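First listed ligand is number 1; within each ligand, the first listed atom is number 1. Here the structure is a predicted model, which is why all the values come from computation and not from measurement.
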Amino acid sequence: MHKLMKHIFNSNFQYSPLGVGGMNYYSLNHNSPKVNFAEAALRGQAPDKGLYFPENIPQLPNGFIENINQYSKEEIGFTVMKPYVGETIADADLQKIINETINFDFPLVKITENIFSLELFHGPTLAFKDVGARFMSRCLGYFNRNAYHKTTVLVATSGDTGGAVANGFLGVEGVDVIILYPSGKVSKIQELQLTALGQNITALEVNGTFDDCQAIVKQAFMDDDLHQKINLTSANSINIARWLPQQLYYFFAYQQWQENEAPVISVPSGNFGNICAGILAHVSGLPVKHFIAACNANDIIPKYLQTEQYIPKPAIATISNAMDVGNPSNFIRIMELFHQQFGSLKNKMSSMSVDDVTTAETIQKVYQQYHYTLDPHGAVAYHALSEYLKNNNDKGFILETAHPVKFPDTVEDATGQSIDFPQQVQHLLSAEKKSIRMNASFNDFKEWLLTK
Ligand SMILES: *Cc1c(COP(=O)(O)O)cnc(C)c1O
């Protein structure tokens, strides 16, 4: 057994007596059986429609934080993830999955004396979702390795998520991916990221909106006929296999953190999966002074922290569109981490809503003063962090969740500079788009799927 793991099993980690696979997960609706990691990842959502949540939060081995510089990214990945995965994946296979998941850089870059940027956009689709998508796809491939029937993953995308999911599943055996996107409503790079992959990835270009795409996917999951004939699953962001590996960013940042005091961390938030993973890392023992959930005009959580009233609303469109969420699905997991106590949550996490004008001004100001180019999501986080730091002497970092080249109109308008294509997407410039055009009709979709 891995040296560090021995430590975990011998000391803090509670081995659950129920579990065949170690850690068990319960539904936050409390009306479904507990399951192990494999079953939770394969199901996505519990039968009672609740989100799965780990039965106990593993504590980091003694000395792990003090000596974090001695460990490689791969060792950190294994140590953090192993207790959650339990025995459902053999150690050597888990290590391989982790190595493939994180095989790019996560640099912490200094912007000002007290603000740093953790760049999470160096993965294959230039999105922080690459980590979650790569980990989840490989886990599903592993769990399906002996299955007789192929699994078909259905995803609807408004742009960013789809690319990370599709790329994450590319070439994973036993899994086909079908991705629905609204024709003419995603940027050129985003479209090529969905349509140029080939292999086990099929892109359906729907004559309609993102909501039409999502409606087709939802109906497909409820269709008995389809369920009997095809092994359908979702790559939804509430899946624990996408949620849990996001903790690793926070450890990689801490490894590079040179300041004396623990950091304040500002996370651009939409569905609140990323920040929830950060809080989970903190509850496991990672030092963090304070969390800031930075939101755009979709201000459900900032309002909640002011008033203790949680009022979901239809999403409002903004220039940081990956955060246009009117009912953040992971927030309930954050509440669970704070034992549903509003007061403890408020002590550890602040939240701020930043409008589009301020976001664009922030991109411009940070470029002019510090020659650093933020994307709109990172800019929301930057503004919220700099406002927070006005009142104290702390230092902190933002999570820069997407490469600015993915939002060229907004960013080039603000900086007056054109953005170079990073090497990961150079090949897309000459790639060929291959999509299947389809009307926004569930019946057309079903007929296509059954005869494909
Ligand atoms: C998905 C996404 C977010 C929001 O992340 P959540 O985990 O949903 O809060 C922020 N920025 C970018 C670029 C994203 O793609």
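In this structure, the ring of Tyr304 has its center less than 6.0 angstrom from the ring center of Phe342.
Take Lys433 and apply the side-chain hydrogen bond (donor to acceptor under 3.5 Å, both in side chains) test, not counting sequence neighbours, and it matches Glu191, Glu205. Every residue meeting the side-chain hydrogen bond (donor to acceptor under 3.5 Å, both in side chains) condition with Glu336, not counting sequence neighbours, appears here in chain and number order: Tyr26, Gln340.
The list of salt bridge (Lys or Arg N to Asp or Glu O under 4.0 Å) pairs with a residue in residues 403-421, not counting sequence neighbours, reads Asp160-Lys406.
Between Tyr388 and His290, the angle of the ring planes stays under 30°, which puts this pair in the parallel group of the 30/60° scheme.
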Would you check, one step at a time, whether the test ring-ring contact (aromatic ring centres under 6.0 Å, His included) holds for His377 with Phe407? CA-CA 10 Å; His377 305 80; Phe407 305 90; 4.9 Å; yes
Check: every ligand 1 N/O to protein N/O pair under 3.5 Å:
{"unit_1": "ligand 1", "atom_1": "7 (O)", "unit_2": "Gly273", "atom_2": "N", "d": "3.2"}
{"unit_1": "ligand 1", "atom_1": "7 (O)", "unit_2": "Asn274", "atom_2": "N", "d": "2.9"}
{"unit_1": "ligand 1", "atom_1": "8 (O)", "unit_2": "Asn271", "atom_2": "N", "d": "2.8"}
{"unit_1": "ligand 1", "atom_1": "9 (O)", "unit_2": "Gly270", "atom_2": "N", "d": "2.8"}
{"unit_1": "ligand 1", "atom_1": "9 (O)", "unit_2": "Asn271", "atom_2": "N", "d": "3.3"}
{"unit_1": "ligand 1", "atom_1": "9 (O)", "unit_2": "Phe272", "atom_2": "N", "d": "2.8"}
{"unit_1": "ligand 1", "atom_1": "11 (N)", "unit_2": "Thr401", "atom_2": "OG1", "d": "2.8"}
{"unit_1": "ligand 1", "atom_1": "15 (O)", "unit_2": "Lys129", "atom_2": "NZ", "d": "2.5"}
{"unit_1": "ligand 1", "atom_1": "15 (O)", "unit_2": "Asp160", "atom_2": "OD2", "d": "3.2"}

